[in-house]
Chemist: 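Below you'll find the structure I mean.
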Number of protein chains: 2
Amino acid sequence: MSGNAREAILAAGRLSAQSHGYGGLNMRELAAEVGIKAASIYHHFPSKADLAAAIAERYWQDTKAWLEEVAAANGDPKAALKKYPETFRMSLENGNRLCLGSFLGAEYDDLPEQVRQQVQTFADVNIGWLADRLVDAGLTDEKGSEAQARSIFAAVAGAQLLARSRSDISLFDTMIDSFQEAGLMPG
Amino acid sequence: MSGNAREAILAAGRLSAQSHGYGGLNMRELAAEVGIKAASIYHHFPSKADLAAAIAERYWQDTKAWLEEVAAANGDPKAALKKYPETFRMSLENGNRLCLGSFLGAEYDDLPEQVRQQVQTFADVNIGWLADRLVDAGLTDEKGSEAQARSIFAAVAGAQLLARSRSDISLFDTMIDSFQEAGLMPG
DNA sequence: ACCTGAACACCGTTCAAGT
DNA sequence: ACCTGAACACCGTTCAAGT
């Protein structure tokens, strides 16, 4: 409708993809949510692959902006790191949804190349941000920071995946606590 | 051919599900791999949902048997725990495949009830085995053992998910090393 | 018992054609 | 530009019929 069908498609598409993945992203349903016909989506995106790539691109851009806000608002890098799991937690709160990067990561074999690239960038954004905080906090040397950052990213994503399949956010919180107590990430 | 089409369907179906998930499991393709027609699968399994449930059930049974072997072969529970990531590593080696529990966990919203139950049991088997080893090793008290076990399971699954999307087993190994060095799990 | 061709109802995707 | 009807390809599934 009116203002911007493209933006409405992106927003609804993101939510659907976080619930059902790339394969489960349904063009007719998505169109209905936006108030148009499925064929009309193709006026805004040349294909489902391009739509998914645009959704994933927007997803990492939003994530990056959020992470930068967190870093700016928390001078202490340890305090910033403590906030990191919050986006994953919000996905669970918002309809028990999965991180889009995790869902698309699972579907990686069947993903069009454009989508794969955005999934990689999403991971790079997360790992890069974490590595920068870890170095700033003096928790790792520069050499090992990326490896440590990757481990944190993977562990938090894994915790979200498991908590989601039980529809139980408290499990997510407990797992994050365990990671922090073990010293995998600062708490 | 031969002895047992049902077993061949289960074996090929498991591999396909670990690559493409439940939604991506294709009856016609699966039949072709086994050397029969799609309609013939229904002689062995009443529906795709029942087939997937049987695949997932067999999957946790195989996992459980493997874990019990590892426990039996390693009197030292820490040595057994050190071997735990090995099954996840083997999946990556075997065609860059994902743990079936992780893939179905991502698709949880769209899973038939029979399949969901087997996914839960798979998680329970892993967490129960880990909790038993942790208690035996004196690494946790009985009260906190399940929470600790869940964290290990989630972290290892997350590491596999991320390593798979890069098709890079060395990333998996490095993340496991990080988990062990942090003390999340014994190394 | 075990398998199959053919068909069914459905659904995502695409394109030619409308405004 | 923006949208759509309708065709297309493919899906899980059924069933009468074959061995």
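Each chain gets a letter, A, B and so on, in the order its sequence line appears, and its residues count up from 1. Fair warning: this is a prediction, and the values are worked out from it, not measured in the lab.
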Chemist: Do the charged groups of B:Arg89 and B:Asp173 touch, with an N to O distance under 4.0 Å?
Modeler: yes

Chemist: List the atom of A:Gly183, the atom of A:Gln148, and the distance in Å for their closest heavy-atom pair.
Modeler: O-NE2, 4.5 Å

Chemist: For A:Leu30 and C:dT13, give me the distance from atom CG to atom C1', rounded to whole Å.
Modeler: 13 Å

Chemist: May I ask you to decide if the ring planes of B:Tyr59 and B:Phe122 are parallel, tilted or perpendicular, using 30° and 60° as cut-offs?
Modeler: tilted

Chemist: Testing A:Leu81, A:Thr63, A:Asp124 for side-chain contact (heavy atoms from CB on, under 4.5 Å) with A:Trp129, which one passes?
Modeler: A:Leu81

Chemist: With a cut-off of less than 4.0 Å, is there a side-chain N or O of B:Ser40 near OP1 or OP2 of C:dT4?
Modeler: yes

Chemist: Could you pull out the closest heavy-atom pair between A:Leu51 and A:Leu10, with the gap in Å?
Modeler: CD1-CD2, 4.4 Å

Chemist: Can you tell me if A:Ser16 uses its side chain to pair, donor with acceptor, with the backbone of A:Gly13 under 3.5 Å?
Modeler: no

Chemist: Counting only heavy atoms not in B:Glu33 (residues, nucleotides, ligands), do more than 12 fall under 6.0 Å from its CD?
Modeler: yes

Chemist: Both distances under 3.5 Å, Watson-Crick or G-U wobble: on that basis, could you give the dot-bracket string for DNA chain C, with [ ] for crossing pairs and | for other-strand partners?
Modeler: ||.|||||...|||||.||

Chemist: Can you tabulate the close N/O pairs, meaning under 3.5 Å, that link protein atoms to atoms of nucleotides 5-11 of chain C?
Modeler:
none

Chemist: Which atom names give the shortest non-hydrogen contact between A:Val125 and A:Trp60, and what distance separates them?
Modeler: CG2-CE3, 3.8 Å

Chemist: Tell me the closest heavy-atom pair linking B:Met175 and A:Ala154, and the distance in Å.
Modeler: SD-CB, 3.6 Å

Chemist: Rounded to the Å, how far apart are A:His43 NE2 and D:dA1 P?
Modeler: 6 Å

Chemist: Which is true for B:Leu25 with a 4.0 Å heavy-atom rule: it touches a base, it touches only sugar-phosphate, or it touches nothing?
Modeler: sugar-phosphate

Chemist: Restricting to nitrogen or oxygen on both sides, can you table the protein-nucleotides 16-19 of chain D pairs closer than 3.5 Å?
Modeler:
none

Chemist: Looking only at heavy atoms, which two atoms of B:Ala163 and B:Leu171 are closest? And how far apart?
Modeler: CB-CB, 4.2 Å

Chemist: Send over the distance from B:Phe45 CZ to C:dC2 C1', rounded to a whole Å.
Modeler: 14 Å

Chemist: Does the side chain of A:His44 get closer than 4.0 angstrom to OP1 or OP2 of D:dC3 through an N or O atom?
Modeler: yes

